[in-house]
Amino acid sequence: MAGPSNDMQGGPAVNLFTDPMANAAMVYGSSLANQGKDIVNKEISRFMSVNKLKYFFAVDTRYVLKKLMILMFPYTHQDWEVRYHRDTPLTPRQDVNAPDLYIPTMAFITYILLAGMALGIQKRFSPEVLGLCASTALVWIIIEVLVMLLSLYLLTVHSDLSTFDLIAYSGYKYVGMIFTVLSGLLFGSDGYYVALVWSSCALMFFIVRSLKMKILPSISSDSMGMGSNAKPQLRLYITVATAVFQPIIIYWLTSHLVR
Amino acid sequence: MSGFDNFNTDFYQSSYSVDDQNQGSYGYSNSENPYNKQYGQYDYSQPTGYPSPGMMQPQQPYTGQIFQPTQTYTPSASQSMYSNSFEDEPPLLEELGINFDHIWQKTLTVLHPLKAADGSIMNETDLAGPMVFCLAFGATLLLSGKIQFGYVYGISAIGCLAMYCLLNLMSMTGVSFGCVASVLGYCLLPMIILSSFGVLFSLQGMMGIIITATIIGWCSFSASKIFISALAMDGQQLLVAYPCALLYGVFALISVF
């Protein structure tokens, strides 16, 4: 035990790493980080369940490519029914009609970056303008989703459209917006208007066909409630109004980028 | 030597007792031999301030000195072994957790994007390599006159956070933030090549655009390859590569403009 005691010069250096104070500080720090992480997880899981959110991100490359094609050219797609498997909807990997959140999220971020680039090309770039663009787009999504939710609730439409579904469907317009802005940048103002008309028509068709399946069939399946049979036109109006809203928003959010 | 009075002697059990103080003066210095004979009883293998191994175990759990989750040997035995003699101490780099061989292996994985990646290299997350690459990127930007360290760090922080959320949602197994930061940092290496190229030639012509696009593709391809192999996600490589490409595109924007 007293043998190696002549190696004193190793003592101070080792002390730095084995000092109990440093170790205790490290442990405290890491426990603090863990506590912070737990608090964040708890707060987030109060508002939304992460598992439900994971359903929307269970995508693969084949699904994304097919969905993008459908968004741009929906006229040849035949079967718009969302398939179920014992009462739970199939994941986007297995059903191309299922809504997902990967495409809207990526499209939103791409749109913001593209807006920054477009402004940069026109020498109108500054980080504040980028933030303004981003928050404007975000606010319009929130408004649209809230209006949809409110109207569905007020008209007692028993559909299985959850909030995330509505976010997904209203986020699909960003794909059209990116296409429009790109063609506006590459081909000038004519290209912009042509692409605007094209993507508006495609998006309107897509929205009407997709939401028709979800909102309107609840007429026949809903045998209780007196009001449900009396207002099939109102549901149709909701669907059409949603569809008509899309090109207005696309024009509003992209025209200032392509002068 | 009177300083020994101030230590809580009940903090650690040592064989030192107050009586030993009377045996002449000594300094806490490196003149070992004189008091080797005097304090032959005293177990000087425990230097001051260092608790006995018995005390240490309940006091702190093992905090992972070398590799993060895999090593579980008890601290007390190793540390008391290490503190015993200078020759038995681990090398400094090993204690700090910097393993040059792994760093080199990961760098090679990035530099050969077409070779299949090994999923197990991401088991120990190390942030030393990515830190070096970030600093090198900032340094090459500095060479071309852009003092933008703040943007580099800010964008990498936001990008890492976004990729962390996305990968946790998309994969079956979760992923830790350190792993994401480590992979994204390693794949910044081709971007350093781009910015050092930008020091010599302007990147704003057609040639510059082609090179930039190639480098962005290279970075995001290797990042997605490592993520796919480490998280066992199938059929999602392009989906992971796209957000990486967006992130590296922003870095490229900084280098070019």
Side-chain angles (χ1 to χ4, degrees), chain A residues 1-31 33 37 41 44 50-65 93 100-103 105-107 109-110 112-114 116-117 120-121 125 127, chain B residues 11-12 15 28-33 35-36 39-51 55-56 59-65 75 79-80 82-90 92 95-96 162 166 168-172 177 233-239 242-243 246 249-250 253 257:
Chain A
M1 282 238 294
S5 55
N6 52 354
D7 298 298
M8 266 299 299
Q9 57 267 32
V14 179
N15 260 347
L16 187 58
F17 292 106
T18 58
D19 180 22
M21 277 320 190
N23 278 329
M26 261 168 38
V27 167
Y28 181 66
S30 63
S31 82
K37 208 160 61 152
N41 280 340
I44 288 185
V50 179
N51 278 334
K52 208 154 173 297
L53 200 53
K54 272 199 177 188
Y55 159 80
F56 288 98
F57 280 93
V59 294
D60 62 350
T61 316
R62 217 174 38 102
Y63 166 83
V64 168
L65 290 175
R93 270 187 192 237
D100 75 309
L101 278 175
Y102 174 84
I103 294 179
T105 319
M106 289 298 126
I109 298 181
T110 312
I112 295 176
L113 292 178
L114 202 59
M117 226 175 61
I121 289 182
F125 180 77
Chain B
F11 181 60
Y12 56 90
S15 52
Y28 188 63
S29 68
N30 295 337
S31 57
E32 319 86 4
N33 281 333
Y35 53 77
N36 258 351
Y39 302 104
Q41 324 282 69
Y42 177 57
D43 178 22
Y44 218 82
S45 65
Q46 299 176 347
T48 44
Y50 174 68
M55 265 312 280
M56 202 145 77
Q59 220 184 13
Q60 96 231 8
Y62 179 53
T63 52
Q65 279 189 329
Q79 284 190 345
S80 59
Y82 287 154
S83 67
N84 269 347
S85 70
F86 188 57
E87 293 96 27
D88 280 350
E89 274 177 31
L92 183 64
E95 257 192 68
L96 287 177
L166 185 72
N168 264 334
L169 287 170
M170 271 177 74
S171 69
M172 293 294 125
F177 184 76
M233 301 157 66
D234 59 342
Q236 291 177 326
Q237 178 157 12
L238 277 185
L239 301 187
Y242 183 67
L246 287 181
V250 176
L253 267 179
F257 293 109

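Computed from heavy atoms alone, side chains included, the values below leave out hydrogens, waters and symmetry copies. Chain A is the first sequence line, chain B the second, and so forth, proteins listed ahead of strands; every chain is numbered from 1.
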Contacting moiety of B/M172, where chain A heavy atoms sit under 4.5 Å: backbone
B/N168 versus chain A, the contacting section by heavy-atom distance below 4.5 Å: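 Backbone of B/N168 only, per the 4.5 Å heavy-atom cut-off to chain A.
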Nearest non-hydrogen partners of A/T61 and B/L239, listed with the distance: N-CD1, 3.8 Å
Is there a side-chain contact between B/L166 and A/M106, using heavy atoms and a 4.5 Å cut-off?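 In contact.
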Compare all side-chain heavy atoms of A/Y102 with those of B/L169 and state whether any distance is below 4.5 angstrom.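 Contact flag for A/Y102/B/L169 side chains = no.
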With sequence neighbours left out, what residues match A/R62 under salt bridge (charged side-chain N to carboxylate O under 4.0 Å, His left out)?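 Here no residue qualifies.
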Interatomic distance, CG@B/L253 vs CG@A/L113, rounded to 0.5 Å, equals 8.0 Å
